[in-house]
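I have placed the structure first, in the form of structure tokens, so that the comments after it can refer back to it.
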Amino acid sequence: MRIMYFAWMREHIGASLEQIDKPDHVTTVADLISHLRGVSAGHALALSNMEVVRVAVNQNYTSLDAPLNDQDEVAFFPPVTGG
Amino acid sequence: MRIMYFAWMREHIGASLEQIDKPDHVTTVADLISHLRGVSAGHALALSNMEVVRVAVNQNYTSLDAPLNDQDEVAFFPPVTGG
Amino acid sequence: MTVRVQTEDFDAGAEIGALSSAEPGAIPGAVVSFTGLVRDRHGGKIVHAMTLEHYPGMTEKELMRIRDEAMARWPITKATIIHRVGRLLAADQIVFVGCASPHRDAAFEAARFMMDFLKTDAPFWKAEETEDGTQWVDARDSDNAAAARWSKD
Amino acid sequence: MTVRVQTEDFDAGAEIGALSSAEPGAIPGAVVSFTGLVRDRHGGKIVHAMTLEHYPGMTEKELMRIRDEAMARWPITKATIIHRVGRLLAADQIVFVGCASPHRDAAFEAARFMMDFLKTDAPFWKAEETEDGTQWVDARDSDNAAAARWSKD
């Protein structure tokens, strides 16, 4: 899967894009978040408060219980501030 | 007084401006209208339906019972259609 | 802070630029504009042109009153109203209303307020030229309703 | 029918001109535009510049969705959304939203709707450069409230 991070989440994690193989036990967005929190301190910090994190799968906003498969593009980012 | 007419009222009356001495019995806008209706058939036609006539005295919207004096500029015109 | 009644065309982009400009520390975040055009069809008829008549003196006074009222009701930093008069062709620009504010809601509301009152209070009259000749345009009840929605009661 | 994400500046007047153009018989009477500028003061601090980051691909998709939703809800003939990205200086133009309609109420509402949803849904993030360094701008509750007012419940 492609995992993308934007704004301060990108800065905490130190990368805007990670390519990973989906672990078998990861079937939802919530599972992926639990998995990613174990990857590094930066990941854990970026994903510590899901109140200020939005998730998009394949460029559509989605919720934590959305199912995932290995071809998905999953993006994590803070609430938007454009305009 | 200066009496001004705009749009189709001007066309009915055949003039955009009339300068008249205020008759003594004319003390309000309503009196002036009664007086003007007697001036010509065009005046009578233009002022026949006050539902579709707006009145301004000295360039401020006003009502039929507003008092008048000889130095006033009185304008009669249809509801506005700009913009 | 501009109110203009003119025969010449206007440049909406230049007006937006003028509304955007400010002293250091006071750049407005939001500029909203309304541009009105001469429609080429009205009531099922093709309109070739129209002539805008107005009441010189009172027109400017009413436009300034409308602009001042908008500036008293919303935190807007600048406001512009331009209305053309004389003969205009279909698709020509007739009217520009714009304002700048630190807040987008205020900019949207003040611009709409100014247009609504311009439509009911500013002494302009349109005569349309169609295939059937020239006719004075009737005022619309919907414009009175639009202005009435701003009453505070 | 334009949605653009670009580093270059835009010409609001040219965009209003493009929104105004139409086939014969379909000249819109009303064009409303919103132009957003980089403010030079925010939260009491002087802002020199900001950098706009976005999510390429999703941004355009969200902007098109917002524009299509506006066109489905109001009788608008054309709609344009332009958003700049990259580093911008104070007073620079950031965003343009505009639409044309036969009806001024529709043009005002659709433009405001597009701005409200752009603020909450389009994946852009601002980092401001002030005297205290560079900081990511926090999202505002008032923007969520503004978008919520359009829900049809």
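If you're wondering where the values come from, they're calculated on a predicted model, not measured in any experiment. Lettering follows sequence order; numbering is per chain, from 1. The analysis underlying the following values was restricted to heavy atoms, covering all of them including side chains, and did not include hydrogens, waters or symmetry mates.
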Roughly how far, to the nearest 0.5 Å, is the [atom2] atom of [Y] from the [atom1] atom of [X]?
| X | Y | atom1 | atom2 | result |
| --- | --- | --- | --- | --- |
| Met58(C) | Tyr61(B) | CE | OH | 4.5 Å |
| Asn58(B) | Lys61(C) | CG | NZ | 7.0 Å |
| Arg54(B) | Asp121(C) | CZ | CG | 8.0 Å |
| Gln59(B) | Tyr55(C) | CD | OH | 4.5 Å |

**OP:** Evaluate whether atom CD of Glu129(C) has more than 12 neighbouring non-hydrogen atoms of other residues, nucleotides or ligands under 6.0 angstrom away.
**Re:**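 Counting neighbours around CD of Glu129(C), more than 12 heavy atoms of other residues, nucleotides or ligands fall under 6.0 Å, so yes.
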Subject >> Exceeds 12 heavy-atom contacts within 6.0 angstrom, atom CG of Asp141(C) >> reply: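 No - once you tally the heavy atoms of other residues, nucleotides and ligands closer than 6.0 Å, there are 12 at most.
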**OP:** Let me know if Ala7(B) has heavy atoms under 4.5 Å from chain C in its side chain, its backbone, both or neither.
**Re:**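 When you check distances to chain C, atoms from both the backbone and side chain of Ala7(B) fall under 4.5 Å.
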**OP:** Would you please name every residue forming a side chain to side chain donor-acceptor pair (under 3.5 Å) with Ser33(C), sequence neighbours left out?
**Re:**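 If we apply the side chain to side chain donor-acceptor pair (under 3.5 Å) test to Ser33(C), skipping adjacent residues, the hits are Ser33(D).
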Checking the side chain of [X] only, and the main-chain atoms of [Y] only, is there a donor and an acceptor separated by less than 3.5 Å?
| X | Y | answer |
| --- | --- | --- |
| Trp125(C) | Gly82(B) | no |
| His83(C) | Gly83(B) | yes |
| Thr81(B) | Lys126(C) | yes |

Original post:
Of all residues at least two apart in sequence or in a different chain, which pass the ring-ring contact (aromatic ring centres under 6.0 Å, His included) check with His12(B)?
Top reply: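 Testing His12(B) for ring-ring contact (aromatic ring centres under 6.0 Å, His included), a comparison that skips the adjacent residues, returns Trp8(B).
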Original post:
Does any heavy atom of chain B fall under 4.5 Å from the side chain of Ala122(C), the backbone, both, or neither of them?
Top reply: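 For Ala122(C), the backbone is the part near chain B, not the side chain.
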Original post:
Which region of Asp143(C), side chain (C-beta onward) or backbone (N, CA, C, O), has a non-hydrogen atom less than 4.5 Å from a non-hydrogen atom of chain B, or is it both or neither?
Top reply: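 Looking at Asp143(C), nothing touches chain B.
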